[in-house]
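This report refers to the structure that appears directly beneath it.
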Protein chains: 2
Amino acid sequence: MSDPEEPQDPRVVRTRADVLRAAVSVLLDEGPEGVTQPRVARAAGYAKATVYAHWPERVDLLRDAFLTVGRMPHHEPTGDLRADLLGELQSFRRAMVEHRLDRVLAVLAERTASTPELVEVRDAFVDDGESPLRALLSPHLSDDRLSAATLMLNGAVLHGGLLRGAPPADAVLEAAVDAVLVGFDLPRG
Amino acid sequence: MSDPEEPQDPRVVRTRADVLRAAVSVLLDEGPEGVTQPRVARAAGYAKATVYAHWPERVDLLRDAFLTVGRMPHHEPTGDLRADLLGELQSFRRAMVEHRLDRVLAVLAERTASTPELVEVRDAFVDDGESPLRALLSPHLSDDRLSAATLMLNGAVLHGGLLRGAPPADAVLEAAVDAVLVGFDLPRG
């Protein structure tokens, strides 16, 4: 019943959730270096052996901590591309402000340079966070144009949040979405 | 002749350049915390008193260190807006890759959250780095549209460099610039 390979077991589900919640706190307060099995076990109030049983490798615990932060609520698509792009950027902005995603992204950007094991974690985290925006654009764009549109829209929120003190206001996001709709000849209205 | 208020004096100019070069090394290797007058004096091979004479306040030394990194070579405008926007983004990309601007920006983003005195430094740094791009766009755009275009273009390079392992390739930058030209109805050709 408590086999860590059986995630349906409610006790296992609860243990994993407790540990990951503690891992996120440690990550946000102390940075990725703090996210070790003993440190997280102490923060979560579990035995070290329990944390090691679920995450034998530190990098897996770290990746799951990042992915837990990344699993922010996304916009629910309506089928109106303009509204959906805007809604997704607003969700990104809200996660930055309310769930400290700005800090997580800054930490990821800064530490990945000196910590090669973080590259895989960063890539999984960014892919996961970007997938709803790419899903909105990929029926209409591909290759370099898809990359450009994704980088520009997410980049506008990122740039504001990381280097301008706050992500852009609605009027700026609307101007960005409208320019992308016209500039890439996407369906609108 | 050696009055620090007289920057034309070649000895003063050399001293300031030496100290700032050392400050940039310390900044890149140890982060902003390392940039103190005594630490930088040691790295530069100057007396502490000399560094204090030029930079009585640590925050000024730190800002000048950031601005020294930020004073990357920019694209020389030709009058062709498409070529100039592309050239400026390529300069930004080159500075990220060749002058470790990616690391400086990541450090700024990460540390500003916990170090209020860095806010002023970050704002000066970002304004300085962005001014050529804004100068290209501001004859044609204002307010929210100017902000959106600037954030999208710089954001695309930033996002790639900070969270995707490398800034975008030329084909992606061209797709981004073309979309901005069409999307904001800017003069082209």
Side-chain angles (χ1 to χ4, degrees), chain A residues 28-29 31 100 102-114 119 122-123 125-127 129-130 141-165 167-186, chain B residues 28-29 31 100 102-114 119 122-123 125-127 129-130 141-165 167-186:
Chain A
L28 291 171
D29 292 338
R100 301 207 274 172
D102 55 347
R103 173 140 177 74
V104 172
L105 290 172
V107 165
L108 260 185
E110 203 258 312
R111 304 300 162 81
T112 304
S114 51
V119 170
R122 179 200 65 197
D123 289 346
F125 183 75
V126 174
D127 285 343
E130 248 177 36
L141 296 174
S142 58
D143 304 325
D144 296 330
R145 282 160 55 86
L146 177 59
S147 296
T150 309
L151 285 171
M152 282 199 291
L153 289 174
N154 276 335
V157 178
L158 184 78
H159 190 304
L162 257 54
L163 294 177
R164 281 282 175 205
D170 273 342
V172 174
L173 292 185
E174 288 182 37
V177 167
D178 285 334
V180 162
L181 291 172
V182 173
F184 288 104
D185 196 19
L186 299 172
Chain B
L28 291 172
D29 292 338
R100 300 207 276 174
D102 55 346
R103 174 139 178 74
V104 173
L105 290 171
V107 164
L108 261 183
E110 204 258 312
R111 305 299 163 79
T112 304
S114 51
V119 170
R122 179 200 64 196
D123 289 347
F125 183 74
V126 174
D127 284 345
E130 249 177 37
L141 297 174
S142 59
D143 303 326
D144 295 331
R145 283 160 54 87
L146 177 60
S147 296
T150 308
L151 285 171
M152 283 199 290
L153 289 174
N154 277 334
V157 178
L158 184 78
H159 191 303
L162 258 54
L163 294 177
R164 282 283 175 203
D170 274 342
V172 174
L173 292 185
E174 288 181 37
V177 167
D178 286 332
V180 162
L181 290 172
V182 173
F184 288 105
D185 196 19
L186 299 172

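Throughout, protein chains are lettered first and strands after them, A, B, ... in sequence-line order, and every chain is numbered starting at 1.
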Checklist outcome for this item: Counting heavy-atom pairs under 4.5 Å with chain B, the top scorer among Glu174(A), Arg145(A), Glu130(A) is Glu130(A)
Checklist entry - Got a sec: does the CG of Asp143(B) have more than 12 other heavy atoms crowding it under 6.0 Å? => result no
Checklist entry - In Å, rounded to the nearest 0.5 Å, how long is the span from CG of Leu158(B) to NE2 of His159(A)? => result 5.5 Å
Checklist entry - Which bit of Val180(A) comes within less than 4.5 Å of chain B, counting heavy atoms only: side chain, backbone, both or neither? => result side chain
Checklist entry - Can you tell which of Ala169(B), Ser147(B), Ala148(B) has the highest number of heavy-atom pairs within less than 4.5 Å of chain A? => result Ala148(B)
Item to check | Option that, when pairs with chain A are counted at under 4.5 Å, heavy atom only, ranks first among Leu146(B), Val177(B), Val172(B) | outcome: Val172(B)
Checklist entry - Of all of Pro168(A), Gly165(A), Gly160(A), which one pairs up most often with chain B through heavy atoms under 4.5 Å apart? => result Gly165(A)
Checklist entry - With chain A, which of Leu162(B), Leu181(B), Leu173(B) has the greatest number of heavy-atom pairs at distances under 4.5 Å? => result Leu162(B)
Next on the checklist: Between Asp127(A) and chain B, with a heavy-atom cut-off of 4.5 Å, which part of the residue counts as in contact: side chain, backbone, both or neither?
Outcome noted: both
Checklist entry - How far does CE of Met152(B) sit from CG of Asn154(A), to the nearest 0.5 angstrom? => result 12.5 Å
Checklist entry - Contact part of Leu105(A) toward chain B, heavy-atom cut-off under 4.5 Å: side chain, backbone, both or neither? => result both
Next on the checklist: Tell me every residue that passes salt bridge (Lys or Arg N to Asp or Glu O under 4.0 Å) with Asp178(B), counting only those two or more places apart in sequence or in another chain.
Outcome noted: Arg82(B)
Item to check | For Asp185(A), salt bridge (Lys or Arg N to Asp or Glu O under 4.0 Å) partners two or more places apart | outcome: none
Checklist outcome for this item: CG (Asp102(B)) and CD (Glu110(A)) are apart, to the nearest 0.5 Å, by 11.0 Å
